[in-house]
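Since we're looking at a predicted model, the values are computed, not measured. Atom set for the values below is all heavy atoms of this structure, side chains included, hydrogens, waters and symmetry mates excluded.
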Amino acid sequence: MSKISLIIEREYLSRVRKKSFIIMSILGPILIAALMVIPAWLATLEDDETKVIAVIDNTGLYSGQIEDTELLKFEFLSDHEEDNIRENFKESGYYAFLVISDNLLNNKSAIRLYSDSQVTMDVKDHIERSLKQHLKDAKLRSYDISELPDIISELENIDVDISTVKIGADGTEKQSSAELTMIISMAFAFISYMFIFIYGGQVMRGVMEEKTSRIVEVIVSSVKPFQLMMGKIIGLAMVALTQILLWVVLTILIVTGVKSVFFDNSPMPDRARAQVEMMQNVEAGEETAQTAPDFNFDKIMEMVRSLEPMKTLLLFLFYFFGGYLLYSALFAAVGAAIDHESDQQQFMLPITIPIIIALYVAMMTFRNPGSDIVFWFSMIPLTSPVVMMARVPFQVPLWELLLSMTLLVAGFIFTTWLAGKIYRTGILMYGKKVDYKELWKWLRYSDK
C-alpha cells in the first residue's frame, strides 16, 4: 500500500507543479467568470445615440403608424423627397430611410430600409412589430368588426406566471425553479463528461510516455504493474479534484469581486431590462415589455437551497470520482496496449461511444427525468456518471441512487480487474501491432 501511496504522491506533485496546471487553474476561472459577467456587463451598456429615420410612404396608408421610442425617431416625408434623400443621404443626417411602395397587405415585400451601413436588429424589429400590429388591425377592420382589435389586444396581454414550489416531507414549502434546475442539471452532466475525458486521456498519455521511454521497465522492477496503474489513476484523480476545487473557489471570488466593484448600486438601464425580458419571452413574436422584474437575491438563494446543494455536491464528487476511475482504468489499458497515439483509434471508439451517448441522454433528462431510457442509462456504470448527475437536481428516489452507486462501484472494480490484466502484459510489450484478438489472449493469461 505504501508503494501505491508513493506513486500517487509522485503523480500528484509532478502534475500540480507544471506550468500548464498553474496557468489553467488561473485562466479557467477567469474564462468562466467572463462568461458569467460579460453578458451582464453588455446588458448594462445602453446605446444613447438618437437615430432619426425618414419614412416615405407612397401609399399614404401608414402615416404615423410607426411609434417613436426614446432613441428611435421617425419622420414621415412626402413622395417627392425620395430622390433628394437618395442623392444626398450622407448630408441628410438620417440614420436610414424607409420606403413603402405598395399596400403591405397585398405585397408584403413592398418595403425597403436603406442606409449607408448595416442597420441594427433593434431598428428592424421595431419597425416590423409596429407595422405588423397596424396591418393586423387594418385586416380586422376590413371584416367590419369594430371592437375585435381591442378584444384581441386584451387577449394578447393576458399572461400567466407560474411559481414552482417544492413541498418537503414535513409539509414545508420552498421556492424552486424549473429553469435553474435544468441549467444545473446540464452543467453537472457536461462537467462530468469534460473532466472524465480530459484526465482519462492524461492517464493514457502518461502510460504511453512511460512505456515508449522504457522508464516503466525500471519502475516495475520495484512495484507490481497493478500498483503502478492504480497509483497513476488515483494520483491524477486528485489532480483533477484539486483543479475543480480551485476553479470553483476562484470563480466565486472573481464573480463576487466584479459584482461588488462594478454592479452593486448601479441601476439596470431600461434597454437592458427590456433585453432581460426578451430572453425570458418564450413565444416568438411577442412584444417585449419595457421593464424587467426586480432582481431578488433571497428568492434565488431559496431556489438554490431547494436543490439541496450539499447533497448534490457530494453526489457530484462521488459520480465524478467513480466515473473517472472507471474510464481511467480503460484508458490506462489502452495506453499500455499501444506504442503510438496513431494506434489508439480502434480501441478508443468502444470507450468513447458510451460516454457520448450518455451526454445525449443527459440532454433528455430535463424534459423527462423519470423516463425508462433515462433510468436505465443512469444505472449502467459506463453512462451513470453523466446521466445520473443530470437527474440529481430532479430529486431521484433514494433506492435508485443507492442502486446506481452500487453498480458504479461494481463496474469500477470489474473494469479495473479487466484493465489490470491488459496493463500488466501490454506495459512491457513493444513493437507488436495489437488487435482485439491479442487483447483477448492477454485477458486469458493466468494471474500466477
By side-chain hydrogen bond (donor to acceptor under 3.5 Å, both in side chains), K90 pairs with (sequence neighbours left out) D116

Residues 231-255 vs salt bridge (charged side-chain N to carboxylate O under 4.0 Å, His left out), sequence neighbours excluded, gives E11-K232, E210-K232

ring-ring contact (aromatic ring centres under 6.0 Å, His included) filter on F74, not counting sequence neighbours, yields H126

Please report, to 0.1 Å, the donor-acceptor pairs under 3.5 Å made by any side chain of residues 26-37, with sequence neighbours excluded.
none

Residue pairs meeting salt bridge (charged side-chain N to carboxylate O under 4.0 Å, His left out), one or both in residues 17-34, sequence neighbours left out, come to none

W417 side chain to F412 backbone, donor-acceptor under 3.5 Å = no

If you look only at distance, which donor and acceptor atoms sit under 3.5 Å apart when one is on a side chain in residues 236-245 and the other is two or more places apart or in another chain?
residue, atom, partner, partner atom, Å
T242, OG1, Y12, OH, 2.9
T242, OG1, M238, O, 2.7
Q243, OE1, Y199, OH, 2.3
Q243, NE2, S25, OG, 3.3

Correct closest heavy-atom pair for V386 and A362 would be CG1-CB, 4.1 Å

Is the backbone of L325 close enough, under 3.5 Å, to the side chain of S328 for a donor and an acceptor to pair up by distance?
-> no

Between the CD1 atom in I422 and the CH2 atom in W440, the distance rounded to the nearest 0.5 Å is 10.5 Å

For W247 and I252: C-alpha separation, side-chain torsions, deciding distance, then whether side-chain contact (heavy atoms from CB on, under 4.5 Å) applies. CA-CA 8 Å; W247 281 20; I252 292 173; over 6 Å; no

The reported gap from CZ in F331 to CG in L326 (rounded to nearest 0.5 angstrom) is 10.5 Å

* Asked: Can you find a pair of side-chain heavy atoms, one from V99 and one from V55, that are under 4.5 Å apart?
  -> no

Rounding to 0.5 Å, atoms CG (L113) and CD1 (I53) come to a distance of 6.0 Å

Count the heavy atoms belonging to other residues, nucleotides or ligands that lie under 6.0 Å from NZ of K108, then report whether that count exceeds 12. no

Would you confirm whether S371, through its side chain, and N368, through its main-chain N or O, come within 3.5 Å as a donor-acceptor pair? yes

ask   = Has the side chain of Y327 got a donor or acceptor atom that lies under 3.5 Å from a matching backbone atom of T352?
value = no

side-chain hydrogen bond (donor to acceptor under 3.5 Å, both in side chains) filter on E75, not counting sequence neighbours, yields Y94

**Study point:** Check against side-chain contact (heavy atoms from CB on, under 4.5 Å), V374 and V361
**Key:** CA-CA 6 Å; V374 172; V361 175; 4.1 Å; yes

T50 and K73 have their tightest heavy-atom pair at CG2-CG, 3.8 Å

For K124, the side chain to side chain contact (heavy atoms under 4.5 Å, CB included) test, sequence neighbours excluded, returns E128

Throw together a table of side-chain donor-acceptor distances under 3.5 angstrom for residues 398-405, partners on residues two or more places apart or in other chains.
residue, atom, partner, partner atom, Å
E400, OE1, R391, NH1, 3.0
E400, OE1, R391, NH2, 2.7
S404, OG, Y319, OH, 2.8
S404, OG, S378, O, 2.7

Here the gap from I8 atom CD1 to K3 atom NZ, rounded to the nearest 0.5 Å, amounts to 14.5 Å

Closest non-hydrogen atoms of A358 and V387, given as atom of the first, atom of the second and distance, are O-CG2, 3.5 Å

Between F97 and F89, does the ring centroid distance fall short of 6.0 Å?
yes

OG (S115) and CG (L98) are apart, to the nearest 0.5 Å, by 11.5 Å

Here the gap from I127 atom CD1 to L72 atom CG, rounded to the nearest 0.5 Å, amounts to 7.5 Å

Residues V207 and A332: closest non-hydrogen pair is CG1-O, 4.0 Å

On a heavy-atom basis, the closest approach of Y324 and I233 is OH-O, 2.8 Å

**OP:** Would you check, one step at a time, whether the test side-chain contact (heavy atoms from CB on, under 4.5 Å) holds for F318 with L314?
**Re:** CA-CA 6 Å; F318 175 85; L314 291 175; over 6 Å; no

The ring-ring contact (aromatic ring centres under 6.0 Å, His included) partners of Y360 (sequence neighbours excluded) come to none

I want to check something: taking the side chain as every heavy atom from C-beta on, are M364 and I373 in contact at a cut-off of under 4.5 Å? yes

For F321, the ring-ring contact (aromatic ring centres under 6.0 Å, His included) test, sequence neighbours excluded, returns none

For Q227 and I7, the nearest pair of non-hydrogen atoms, with its separation, is O-CD1, 3.7 Å

How far apart are the C-alpha atoms of F21 and R15, what are their side-chain angles, what is the distance that settles it, and do they pass the side-chain contact (heavy atoms from CB on, under 4.5 Å) test? CA-CA 7 Å; F21 178 87; R15 301 281 176 174; 5.6 Å; no

Applying side-chain hydrogen bond (donor to acceptor under 3.5 Å, both in side chains) to D372 and not counting sequence neighbours gives none

* To do: Verify, without hydrogens or angle tests, whether T383 (side chain) and F377 (backbone) share a donor-acceptor contact under 3.5 angstrom.
  => yes

